[in-house]
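Lettering of chains follows the sequences in order, A, B, ..., and the numbering in each one begins at 1. Source: prediction; values computed, not measured.
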Protein chains: 2
Amino acid sequence: MKNMTQEPRNILSQHKVSITNPRIIVLDTLLDFGNPITIEELQSKLKGKVAKSTLYRVLNDLKKINILNEFTSPDNAVVVELILEEDSHHHHLFCSDCGEVIDVELSDEFEMMLVKEMEKVQKELNFEIKDHRVEMFGLCTDECSNCE
Amino acid sequence: MKNMTQEPRNILSQHKVSITNPRIIVLDTLLDFGNPITIEELQSKLKGKVAKSTLYRVLNDLKKINILNEFTSPDNAVVVELILEEDSHHHHLFCSDCGEVIDVELSDEFEMMLVKEMEKVQKELNFEIKDHRVEMFGLCTDECSNCE
DNA sequence: ACAATAAATGAGAATAAGTCTCATTTATTT
DNA sequence: AAATAAATGAGACTTATTCTCATTTATTGT
């Protein structure tokens, strides 16, 4: 899902937040990595460039303008992922061995069925469902660059 | 999914772990609550009865014998839930307002389709999928005892 | 382009969740 | 009931995240 068409400066100005160095650097790093990334890994990539407190602030800023998705891996590590306009709806696959997080697109057929299920749940439980998430856990095999 | 048929002592002896007071108290509390619960809330229920360090140890023990499920809420709070033998496969619904976590069963039809989707993903990505989870987010309305 | 104002940053202190240590207590085994 | 092994409590320690505040950087109006 790597995407080089978007520029940090454009992203920021499109969302009407001021353009600052730390924001550009964080966005650059996320765009360059192109996959969901652990805060820990992100911190190590930014060591010496962006202060720890600033990193957390920038991540919060990005969440506020809805271009950052945050979730946790099975071992409770926080993972973030940029939401780019041309990204399609997708879910995540976690390797329990190396910790890698992989984007997965499921079929439209499946997504439609999930929506129907959610509608049923909404009615039964009188709950207004806004969003959903499908997570899959397992082991990446020989294709994974981390585990061998 | 509240279940009163299981006794802490039986659960522990069935899993060959020694029967101790803190373990009984923690299991009792989880059985009594009968729903997924935040560590924070669990701690407050056990205040003065079980030491913090012991609580975490007991929770780890229960995870080791596979009778405790752990996951995180959308705001990254850790939530635990007892896995009882007669519980059926289910998913979770999170209220963004009051933080309540509700068990949801989805149709067999849907689950079968999800399994098919996972098989596709397994082949495509050469990933061995062991487990999955469907999470839904939204707002509970007038039925919820917490929000009004 | 420049001054004034508002917002963002860095560095480290503060807080909070979870783990670890170790002396004491409680279970289990014989 | 004694010996051995395991579990506990209390609090120290570690690590992730938030907060504070003095300084720097961006934005706005002229």
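Per the geometry, CG belonging to B:Asp61 stands 11 Å off C1' belonging to D:dT8, to the nearest Å. Between the NZ atom of A:Lys49 and the P atom of C:dG10 there is a distance of 13 Å, rounded to whole Å. For B:Leu62 and D:dA7, the CG to C1' distance is 14 Å, given to the nearest whole Å. Rounded to whole angstrom, the span from the NZ atom of B:Lys16 across to the C1' atom of C:dT29 amounts to 17 Å. Rounded to whole angstrom, the span from the NZ atom of A:Lys64 across to the C1' atom of C:dA8 amounts to 12 Å. Taking atom NZ of residue B:Lys47 and atom P of nucleotide C:dA17, one finds them 10 Å apart after rounding to whole Å. Atom CG of B:Leu55 is separated from atom P of C:dC20 by 15 Å (rounded to the nearest Å). Distance A:Ile24 CD1 to D:dT25 C1': 12 Å, rounded to the nearest Å.
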Listing time: all N or O pairs from protein to nucleotides 5-7 of chain C that are below 3.5 Å?
none

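A side-chain donor-acceptor contact under 3.5 Å links A:His91 to the backbone of A:Val134.
Within the structure, the ring pair (Phe, Tyr, Trp, His ring centres under 6.0 Å) test picks out the following pairs touching residues 110-130 of chain A (sequence neighbours left out): A:Phe110-B:Phe110.
Nearest to the side-chain atoms of B:Ala51 among the listed nucleotides D:dT8, D:dG9, C:dG10 stands D:dG9.
With sequence neighbours left out, A:Asp75 forms a side chain to side chain donor-acceptor pair (under 3.5 Å) with A:Ser73. Among residues two or more places apart in sequence or in another chain, the salt bridge (Lys or Arg N to Asp or Glu O under 4.0 Å) test is passed with A:Lys120 by A:Glu117. In this view, A:Lys130 and A:Glu128 satisfy the salt bridge (Lys or Arg N to Asp or Glu O under 4.0 Å) rule, not counting sequence neighbours. Shown here are the side-chain contact (heavy atoms from CB on, under 4.5 Å) partners of B:Ile83, two or more places apart in sequence or in another chain: B:Asn69. Partners of B:Thr20 by side chain to side chain donor-acceptor pair (under 3.5 Å), not counting sequence neighbours: none found. For B:Lys64, there are no side chain to side chain donor-acceptor pair (under 3.5 Å) partners, not counting sequence neighbours.
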List the atom pairs, donor and acceptor, that lie under 3.5 Å between side-chain atoms in residues 22-30 of chain B and the rest of the protein, sequence neighbours left out.
| from | atom 1 | to | atom 2 | distance (Å) |
| --- | --- | --- | --- | --- |
| B:Arg23 | NE | B:Asp61 | OD2 | 3.4 |
| B:Arg23 | NH1 | B:Ser18 | O | 2.8 |
| B:Arg23 | NH1 | B:Ser18 | OG | 3.1 |
| B:Arg23 | NH2 | B:Asp61 | OD2 | 2.9 |
| B:Thr29 | OG1 | B:Ile25 | O | 2.7 |

Can I get a per-line list of side-chain donor-acceptor pairs under 3.5 Å for residues 38-49 of chain B, giving both atom names and the distance, sequence neighbours left out?
| from | atom 1 | to | atom 2 | distance (Å) |
| --- | --- | --- | --- | --- |
| B:Ser44 | OG | B:Glu41 | O | 3.0 |

Footprint string (nucleotides 16-21 of chain D, 5' to 3'): B base within contact, S backbone only, - free, heavy atoms under 4.0 Å: SBBBB-
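If one axis is set at each end of the helix from C:dA1-D:dT30 to C:dT30-D:dA1 from five pairs, those axes are 50° apart, to 10°.
Residues B:Phe137 and A:His132 place their aromatic rings such that the two centres sit no closer than 6.0 Å.
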